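Small disclaimer: the values here were computed from a predicted structure and weren't measured.
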2 protein chains.
Amino acid sequence: MAIEVDDILRRNSLSVTDSRKKILSLFLSIHGALAHGDIERKAGEKFDRVTVYRTLQTFVEKGIIHTIPTTDNSVRYALCKDNCTEGHHHDNHIHFICMQCGSTLCLEEVLVPEVRLPKGFTSSEIEVVIKGICKECNNKKNSPIVETAGLRLRL
Amino acid sequence: MAIEVDDILRRNSLSVTDSRKKILSLFLSIHGALAHGDIERKAGEKFDRVTVYRTLQTFVEKGIIHTIPTTDNSVRYALCKDNCTEGHHHDNHIHFICMQCGSTLCLEEVLVPEVRLPKGFTSSEIEVVIKGICKECNNKKNSPIVETAGLRLRL
DNA sequence: ATTGTCGCGCAACTGAGTTGCAAAATCTAT
DNA sequence: ATAGATTTTGCAACTCAGTTGCGCGACAAT
């Protein structure tokens, strides 16, 4: 993993530093999106806030990660799947926010639908964010309820 | 107009105050969305920032206006078309942000498209934000350029 | 007139994000 | 491996959006 991280950084002509390695590997290890706060927390209090901000900014510029808009007005970041190897691409997938576990996911397999705009309008970018319950949370909900000695547990 | 404004406020069981009247009539007079800053400016420096925040919050709660998420992480508000008369409704229209004039519009006539989610996911809310060039800006761009005495003007 | 409710404005605060600058780390070429 | 150039980091200080607490004034009901 460490090698992979170094590689990605170098491919994007970025100096290989501790903070960049740490933050990038966080993204690689986590399935989903991260907010600035998450990163600060999970990075283990080791880096300055400013460093995290600047690192994220750099990654966005290089097309390593992309931002996801949310209704509650907080920015989250996620890895650009094909981008780590290539240059910029315009995202054409949708984003999903689970209202139960709070995680934000890129649904890479769901393409942004066609939208027919009124006459005169031209579009260059479409953002689709869906809120709901994710697969895992739905699974939990549907799992059988076990009753033991008065306790009701969900598996 | 003033009467209409009073009416809307009363229908939502809100006291009729200067700030509410002013802010609501701003929304009624403007075709598009407003950010908090816009309102403070256009209201004529007369109201306290806090009052504007609280008024917007109240309007959102009452379903008079709704929020629009933007990629640049700023919240904008727009009138709920049918909501002024009724209660809450779940928006099913898309939002458009013009990258030239910066205005945000509710495209009431464009319905949110169907999206097929992967197995296991359930959705409760879909947000679609499209960036591009709006009708008016496109019209301007296509209008003939007039050259007069060395000046190049777009009509 | 008295009480209660509601909205407003002020002041003070919080928290996210930014900027400037000096020190530290990284890279490059020898 | 090292010196010098370049980049990145961390600190401090700042800005700006948004929030909270509180007292005052307006209005309504009694």
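- Residues A/Arg10 and A/Asp7 are not paired through a salt bridge, judged by the lack of any N-O separation under 4.0 Å between the basic side chain and the carboxylate.
- For DNA chain C, the contact window with chain A, defined by any atom under 4.0 Å from a protein heavy atom, covers C/dA16 to C/dC27 in 5' to 3' order.
- Residues satisfying the side-chain hydrogen bond (donor to acceptor under 3.5 Å, both in side chains) criterion with A/Thr104, sequence neighbours excluded, are A/Arg76.
- For A/Thr122, the side-chain hydrogen bond (donor to acceptor under 3.5 Å, both in side chains) criterion is met by B/Asn138, not counting sequence neighbours.
- The salt bridge (Lys or Arg N to Asp or Glu O under 4.0 Å) test applied to A/Arg49 returns no partner, not counting sequence neighbours.
- With sequence neighbours left out, B/Asp18 forms a side-chain hydrogen bond (donor to acceptor under 3.5 Å, both in side chains) with no residue at all.
- Residue pairs meeting the salt bridge (charged side-chain N to carboxylate O under 4.0 Å, His left out) criterion with at least one member in residues 112-124 of chain A: none, sequence neighbours excluded.
- A rotation axis mapping the C1' atoms of four pairs onto the next four is fitted at both ends of the helix from C/dA1-D/dT30 to C/dT30-D/dA1 over five pairs, and the angle between these axes is 30° to 10 degrees.
- In terms of the ring pair (Phe, Tyr, Trp, His ring centres under 6.0 Å) criterion, residue partners of B/Phe121 (sequence neighbours excluded) are, by chain and number, A/Phe96.
- Between A/Thr55 and B/Gly37, it is A/Thr55 whose nearest contact on DNA chain D lies nearer the 5' terminus.
- Residues passing the ring pair (Phe, Tyr, Trp, His ring centres under 6.0 Å) test with A/Phe27: none are found, sequence neighbours excluded.
- Taking B/Asp48 as the reference, nothing meets the salt bridge (Lys or Arg N to Asp or Glu O under 4.0 Å) condition, with sequence neighbours excluded.
- Partners of B/Arg54 by salt bridge (Lys or Arg N to Asp or Glu O under 4.0 Å), not counting sequence neighbours: none found.
- Residue-level contact check: A/Arg20 touches the backbone only, with heavy atoms under 4.0 Å from sugar-phosphate atoms and none from bases.
- In the 5' to 3' direction, nucleotides of DNA chain D lying under 4.0 Å from heavy atoms of chain A begin and end at D/dT7 to D/dA12.
- Heavy-atom distances to DNA chain C give each of B/Leu14 and B/Val50 a nearest nucleotide, and the one nearer the 5′ end belongs to B/Leu14.
- Mapping B/Thr58 and A/Asp18 onto DNA chain C via the closest heavy atom, the residue that lands nearer the 5' end is B/Thr58.
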